[in-house]
Amino acid sequence: MVVIRGALVGAVLWSLSAVSHGLTTSSPWIIKDFREKAAAAERGGIEARDVDPGLLYPVRTLQVPVDHFHNDSRYKPHSDATFALRYWFDASHYKKGGPVIVLQGGETDGAGRLPFLQKGIVAQLAQATGGLGVILEHRYYGESFPVPDLSTANLRFLTTDQALADMAYFARHVVFPGLEHLNLTAPKTPYIAYGGSYAGAFVAFLRKLYPDVYWGAVSSSGVTEAVYDYWEYYEAARLFGPPACVAATQKLTDVIDKLALGKPRDTDDGVVQRLKEAFGLGNVTRTDDFANALSFGIAGLQSTNWDPTQSDPSFGLYCANVSSTAELYPDAPAGLEAEVRDLISTAGGYGGELDTLTAQMLNYIGYVNATMVGGCRSADQDICFTNFNATFYRQDDIKQTWRAWPYQFCTEWGYLQTGSGVPATQLPLISRLIDLNYTSAICRLAFDISTPSDVASINKHGGFGISYPRLAIIDGEKDPWRAATPHALGLPPRPSTASQPFLLIADGVHHWDENGLFPNQTVPGVLPPEPVAQAQATEAVFVKQWMREWTKTRCNDKRTCRG
């Protein structure tokens with residue numbers, strides 16, 4: 001394993017955040033989440049001074065089969081139809097004999113990946129190799145829908161296997177507009193895949209399953225080990241977060257659990273009701289919904305990024321609030337301090353820290369009110385905060401695009417992020433009320449799935465131990481998803497070679513190598529920070545080495561080969 005290090009100031013990590021380009025940070029989504037995610041998608045993530053990449057790269061489509069596996073009973077009734085799979089490409093760096101570099105869009109609208117074609121990892125690798133860059137949308141995301149609605153029956157074609165077959169089909173059949181005179185299909189042309197997060201695992205599997213189609217693959221933060229109860233999601237925050245923030249979160253969560261655990265979750269209890277009202281959430285019926293509403297601040301680590309234009313400050317703001325003993329919210333209701341002090345005393349175990357925890361709990365309450373409660377102060381708080389809205393989950397028209405990733409994690413991937421799974425010897429960062437029954441509610445209510453996700457269908461590809469020639473594994477030291485990657489703590493170290501690079505970005509979080517800057521936007525050693533710059537430079541080096549291997553093994557007529 002190679003750890004890529006450099007001078008990244010720790011304070012920057014905790015004061016900046018970034019829009020997440022990967023797996024969701026919380027499986028038990030509340031309705032408020034879906035609305036906010038939709039609004040974020042509308043806003044996009046393009047820096048104001050950049051040219052909108054949507055203007056540079058017209059959307060294209062390729063007709064691909066809806067059903068690649070007519071011998072597999074999972075997909076009955078089978079389909080002979082095709083659908084339009086969206087892609088975008090940039091040939092400005094292409095030179096004869098260069099590769100096609102395909103970034104798998106993963107579980108989001110592919111248009112949101114266009115900055116990576118413009119100035120991110122795809123642009124960098126294309127420039128280094130004389131390659132043609134592509135963003136390929138995943139079936140059932142963006143506008144690449146093979147079905148007229150998102151009913152559970154029509155989601156049967158949303159499997160990892162079908163989507164992998166799409167990506168292989170694309171490489172074998174695409175004809176790029178304006179380049180019709182060139183045969184840029186595999187295996188005549190070398191194809192290199194890149195993906196981050198879910199898409200990172202995806203391209204790792206692609207390299208193993210379709211080695212004659214994709215010459216190499218770069219898996220960044222690739223979650224190659226599917227885990228049903230993924231309580232380890234919060235381990236990165238516990239191990240690498242600001243110590244004062246971690247300690248405060250653990251103790252305040254413990255207070256909440258001592259007051260609420262073991263009591264009915266859908267009826268009022270005197271002490272629990274007082275606790276809810278102290279946080280301004282007195283009209284949230286279920287106690288597990290209440291506990292979940294308090295958990296989002298500490299989940300923000302995934303969104304930290306080295307580029308401030310991609311930032312969401314939630315993690316840093318949360319930690320600054322919850323770890324402070326100063327009076328950050330002086331307009332708190334009269335009597336709240338005495339109520340909080342009494343609740344902590346009732347929970348017990350923290351007598352010697354009563355003053356400190358009271359001050360921190362008051363700031364926690366202020367933070368939750370400012371960030372979560374907002375316009376949801378009425379008797380209808382359940383509309384905003386419940387995870388059990390069966391009416392909402394039954395919607396399945398084509399506009400209900402939120403259904404795609406939950407269907408994938410309910411059927412195959414798991415990653416239900418719980419507090420209950422944390423070992424009894426360790427204080428969790430989110431409430432133990434957030435258990436598998438709670439996090440799997442969407443599976444039952446939206447899809448009538450009551451059995452655990454079939455993680456074996458994913459882990460058969462190699463899981464933690466996945467390896468293959470010309471498959472690179474790139475991870476972030478402080479990534480909440482690291483525990484599902486080959487860089488998970490406790491696994492034996494691996495050597496890093498040109499054929500199988502194994503890189504860990506020091507201080508890095510979630511696929512930090514994917515986004516990039518134009519040369520006039522860089523600040524040496526700062527933007528991008530040295531570990532990220534080194535990782536990206538290393539990727540260019542080994543991909544060029546892979547291309548030399550291609551030239552050596554595939555080009556018989558040296559007059560037509562470069563390098």
Side-chain angles (χ1 to χ4, degrees), residues 234 238 244-298 318-319 321-373 376-377 379 381-382 385-387 418-435 437-438:
Y234 295 93
R238 183 179 72 87
C245 174
V246 173
T249 302
Q250 288 178 315
K251 291 172 184 178
L252 294 175
T253 301
D254 186 50
V255 167
I256 291 164
D257 279 356
K258 284 179 176 178
L259 295 173
L261 274 175
K263 298 177 181 178
R265 300 191 182 193
D266 56 356
T267 57
D268 287 345
D269 173 90
V271 174
V272 175
Q273 184 60 28
R274 286 169 55 199
L275 183 64
K276 292 179 185 178
E277 289 174 356
F279 275 89
L281 294 168
N283 290 315
V284 175
T285 301
R286 295 184 61 100
T287 307
D288 44 13
D289 282 331
F290 162 72
N292 190 53
L294 307 185
S295 71
F296 289 88
I298 197 65
Y318 166 78
C319 280
N321 278 260
V322 78
S323 60
S324 177
T325 57
E327 188 179 15
L328 301 182
Y329 297 90
D331 297 328
L336 184 58
E337 180 177 353
E339 175 71 337
V340 166
R341 180 177 290 270
D342 188 61
L343 287 167
I344 295 173
S345 297
T346 301
Y350 293 102
E353 301 176 74
L354 186 56
D355 290 343
T356 296
L357 286 181
T358 297
Q360 291 175 332
M361 182 75 89
L362 288 168
N363 288 330
Y364 192 11
I365 289 168
Y367 172 83
V368 169
N369 272 266
T371 60
M372 290 297 294
V373 179
C376 295
R377 299 182 182 275
Q381 284 186 332
D382 281 340
F385 297 110
T386 189
N387 195 37
T418 70
S420 61
V422 176
T425 55
Q426 179 179 313
L427 290 179
L429 288 170
I430 64 170
S431 173
R432 294 187 187 275
L433 289 163
I434 303 173
D435 57 14
N437 180 69
Y438 185 79

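Basis for what follows: all heavy atoms, side chains included, without hydrogens, waters or symmetry-related copies.
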Exercise for review: Check step by step if side-chain contact (heavy atoms from CB on, under 4.5 Å) holds for Y234 and I298.
Suggested key: CA-CA 8 Å; Y234 295 93; I298 197 65; 3.9 Å; yes
* For the residue pair V322 and M361, establish whether any side-chain heavy-atom pair is separated by less than 4.5 Å. => no
Side chain N387, main chain Y438, donor-acceptor under 3.5 Å: yes
What one should report as the nearest heavy-atom pair of L354 and R341 is CD2-NH1, 3.4 Å
Here the gap from L281 atom CG to R377 atom CZ, rounded to the nearest 0.5 Å, amounts to 9.0 Å
Rounded to the nearest 0.5 Å, the CG atom of L433 sits from the CZ atom of R286 at a distance of 10.0 Å
Open item on the list: Measuring only between side-chain heavy atoms, which start at C-beta, is L362 closer than 4.5 Å to L336?
Closed with: yes
> Can you check whether A326's main-chain N or O pairs, donor with acceptor, with N363's side chain at less than 3.5 Å?
Replying inline: yes
CD1 (I256) and OG (S431) are apart, to the nearest 0.5 Å, by 7.0 Å
Query raised in the report: Any side-chain heavy atom of T253 sitting closer than 4.5 Å to one from I430?
Result: no
*Does the side chain of L328 come within less than 4.5 Å of Y367's, by heavy atoms?*
no
All heavy atoms of S323 vs all of A248, minimum pair found to be CA-CB, 4.3 Å
Worksheet item: So, do I434 and D288 sit near enough that their side-chain heavy atoms are less than 4.5 Å apart?
Response: no
- Query: Between R432 and V422, is there a donor-acceptor pair closer than 3.5 Å when you use the side chain of the first and the backbone of the second?
  - Reply: yes
The reported gap from CD in Q360 to CD1 in I344 (rounded to nearest 0.5 angstrom) is 9.0 Å
Hey, mind stepping through V373 and F279 against side-chain contact (heavy atoms from CB on, under 4.5 Å) and telling me if it holds? CA-CA 9 Å; V373 179; F279 275 89; over 6 Å; no
Query - Enclosure of E339 CD (heavy-atom neighbours >12, cutoff 6.0 Å) - result: yes
In V272, N292, L275, the residue satisfying side chain to side chain contact (heavy atoms under 4.5 Å, CB included) with T287 is V272
Pairwise side-chain contact, V255 with L343, heavy-atom cut-off 4.5 Å (strictly under) = no
Value for OG1 (T346) from CG (D342), rounded to nearest 0.5 Å, stands at 4.5 Å
- Item | Within-4.5 Å side-chain heavy-atom neighbours: V284 and T386 | no
- Task: Report yes or no: do N369 and Y329 form a side-chain donor-acceptor pair below 3.5 Å?
- Result: no
All heavy atoms of Q250 vs all of L427, minimum pair found to be NE2-O, 3.0 Å
I want to know whether F290 and F385 have ring centres closer than 6.0 Å.
no
Rounded to the nearest 0.5 Å, the OH atom of Y318 sits from the OG atom of S295 at a distance of 9.0 Å
Side chains of T371 and F296, heavy atoms from C-beta outward: is any pair under 4.5 Å?
no
Q.
So does G348 get a backbone contact from the side chain of K258, meaning a donor-acceptor N/O pair under 3.5 Å?
A. yes
Please assess D382 against T285 for the test side chain to side chain donor-acceptor pair (under 3.5 Å), listing each intermediate value before the final yes or no. CA-CA 7 Å; D382 281 340; T285 301; 2.5 Å; yes
